[in-house]
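Here's the structure we're looking at; comments come further down.
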Amino acid sequence: KVDVEFREESGRAPEEFYTDVRAACESGWDFSSRWFEDGQNITTIVTADIIPVDLNALLYNLELTLAQAYQEAGQLDKAAPLLQQASQRKMAIQKYCWDDELGFYRDYNFVKQDFTPVLSLAAAFPLYFGVADTAQAIRTAQVLQTDFLKPGGLLSTKNNTGQQWDAPNGWAPLQLIAIDGLKKYGENELAQEIATRWINLNKIVYKNTGK
């Protein structure tokens with residue numbers, strides 16, 4: 001019912017709007033302002049126009065994992081194209097999703113040929129999977145510490161829109177990705193601070209609610 005109401009409010013074609021809604025649900029970030037063209041309202045959702053930095057980091061890792069499995073099975077002919085795909089994907093992530101001016105990884109709208117307006121914790125995925133170089137990791141860590149770190153851990157995004165994958169909410173999988181990603185580049189102090197704050201918040205919630 002809500003989807004239908006938002007679709008009517010948007011004035012967009014049903015097949016277009018619902019595709020973007022389904023794509024956002026499949027991302028796991030349902031819903032978040034990172035999929036909204038205006039960065040605020042779900043009626044502007046354009047998920048299918050976006051190259052998500054986290055999805056491509058995950059695919060990069062999957063390609064490497066499959067290639068390794070083929071290598072261990074002695075099927076080098078099947079491993080080679082996957083290694084090439086992984087290499088090409090890594091270069092594409094660096095080309096389209098790294099904002100050198102800001103020092104942060106971002107989603108890219110390939111229709112508008114520009115970054116999307118919303119910064120998110122998806123930026124930690126290239127650190128977790130080793131896509132970033134050392135300088136990029138250091139700059140990403142600085143943005144995470146300055147803009148995303150709060151008393152309870154890291155925000156999902158900086159936008160407070162009422163959506164569950166936005167501020168002021170944080171989610172356990174994203175804390176883990178950020179913590180372990182930072183550790184891989186020697187950012188141990190920040191990683192420990194995030195972990196401590198997140199665990200302390202969980203203790204407080206459990207004490208107050210029993211959940």
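Here the structure is a predicted model, which means the values were calculated and not measured.
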Mind listing the closest non-hydrogen atom pair of [X] and [Y] along with its distance?
X      : Y      : value
Asp30  : Cys25  : CB-CA, 3.7 Å
Gly39  : Ser33  : O-CB, 3.4 Å
Ala132 : Ala137 : CB-N, 4.3 Å
Ala124 : Ala178 : CB-CA, 3.8 Å
Ile93  : Ala57  : CD1-N, 3.8 Å
Lys183 : Ala191 : CG-CB, 3.7 Å

Listed once per pair and sorted, the ring pair (Phe, Tyr, Trp, His ring centres under 6.0 Å) pairs that draw on residues 71-121, sequence neighbours left out = Tyr96-Tyr108, Trp98-Tyr105, Phe104-Phe148
request  = Kindly state each residue pair satisfying ring pair (Phe, Tyr, Trp, His ring centres under 6.0 Å) with at least one member in residues 13-43, sequence neighbours excluded.
outcome  =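 Every pair satisfying ring pair (Phe, Tyr, Trp, His ring centres under 6.0 Å) with a residue in residues 13-43: Trp29-Trp165.
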State plainly whether one hydrophobic cluster holds both [X] and [Y], where clusters connect Ile, Leu, Val, Met, Phe, Trp and Tyr through side-chain heavy atoms under 4.5 angstrom apart.
X      : Y      : result
Leu83  : Leu62  : no
Leu182 : Leu102 : yes
Leu58  : Leu66  : no
Phe6   : Val46  : yes
Leu119 : Ile138 : no

State, with a plain yes or no, whether a side-chain heavy atom of [X] is found less than 4.5 Å away from one of [Y].
X      : Y      : answer
Asn109 : Ile51  : no
Leu59  : Gln85  : no
Asp3   : Arg7   : no
Glu37  : Ile45  : no
Cys97  : Arg106 : no
Tyr70  : Thr65  : no
Ser10  : Thr44  : no
Asn160 : Pro168 : yes

key: Asp147: partners by salt bridge (charged side-chain N to carboxylate O under 4.0 Å, His left out), with sequence neighbours left out   = Lys158
task = Sequence neighbours left out, what passes salt bridge (charged side-chain N to carboxylate O under 4.0 Å, His left out) with Lys1? Give chain and number order.
result =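 Lys1 satisfies salt bridge (charged side-chain N to carboxylate O under 4.0 Å, His left out) with Glu5 once adjacent residues are dropped.
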Donor on one side chain, acceptor on other, [X] and [Y], under 3.5 Å:
X      : Y      : answer
Gln145 : Glu187 : no
Ser32  : Asp166 : yes
Thr19  : Glu15  : no

Say whether, by atom type as modelled, one donor and one acceptor occur between the side chain of [X] and the main chain of [Y] under 3.5 angstrom.
X      : Y      : result
Asn41  : Thr43  : no
Glu72  : Ala67  : no
Ser87  : Gln84  : no
Asn169 : Gln164 : yes
Tyr185 : Asp133 : no
Asn56  : Arg89  : no

For residues 74-82, tabulate all N or O donor-acceptor pairs below 3.5 Å that involve a side-chain atom, not counting sequence neighbours.
none

Straight-line distance of [X] [atom1] to [Y] [atom2], nearest 0.5 Å:
X      : Y      : atom1 : atom2 : result
Asp107 : Asp99  : CG    : CG    : 12.0 Å
Leu154 : Ile177 : CG    : CD1   : 12.0 Å
Thr140 : Leu127 : OG1   : CG    : 5.0 Å
Gln88  : Met91  : CD    : CE    : 6.0 Å
Gln68  : Gln71  : CD    : CD    : 7.0 Å
Asp100 : Gln94  : CG    : CD    : 10.0 Å

request  = Please check if atom NZ in Lys112 has more than 12 non-hydrogen atoms from other residues, nucleotides or ligands closer than 6.0 Å.
outcome  =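 Open: at most 12 neighbouring heavy atoms sit under 6.0 Å from NZ of Lys112.
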Exceeds 12 heavy-atom contacts within 6.0 angstrom, atom CD of Glu26 = no
request  = Take Tyr128 and Ile179, measure what side-chain contact (heavy atoms from CB on, under 4.5 Å) needs, and give me the verdict at the end.
outcome  = CA-CA 8 Å; Tyr128 185 82; Ile179 291 163; over 6 Å; no
request  = List the steps, then state whether side-chain contact (heavy atoms from CB on, under 4.5 Å) holds for Thr161 with Ile42.
outcome  = CA-CA 10 Å; Thr161 63; Ile42 196 170; over 6 Å; no
Test log, rule side-chain contact (heavy atoms from CB on, under 4.5 Å), inputs Leu190 and Leu149 = CA-CA 9 Å; Leu190 176 57; Leu149 185 60; 4.1 Å; yes
key: Salt bridge present between Asp54 and Arg34 (N-O < 4.0 angstrom)   =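 Between Arg34 and Asp54 there is a salt bridge, with a charged N closer than 4.0 Å to a carboxylate O.
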Qualifying side chain to side chain donor-acceptor pair (under 3.5 Å) pairs, either residue in residues 197-209, two or more places apart = Glu193-Arg197
request  = For Lys211 and Val205, run side-chain contact (heavy atoms from CB on, under 4.5 Å): C-alpha distance rounded to whole Å, both residues' side-chain angles, the deciding distance at 0.1 Å, then the answer.
outcome  = CA-CA 7 Å; Lys211 301 176 184 177; Val205 172; 5.7 Å; no
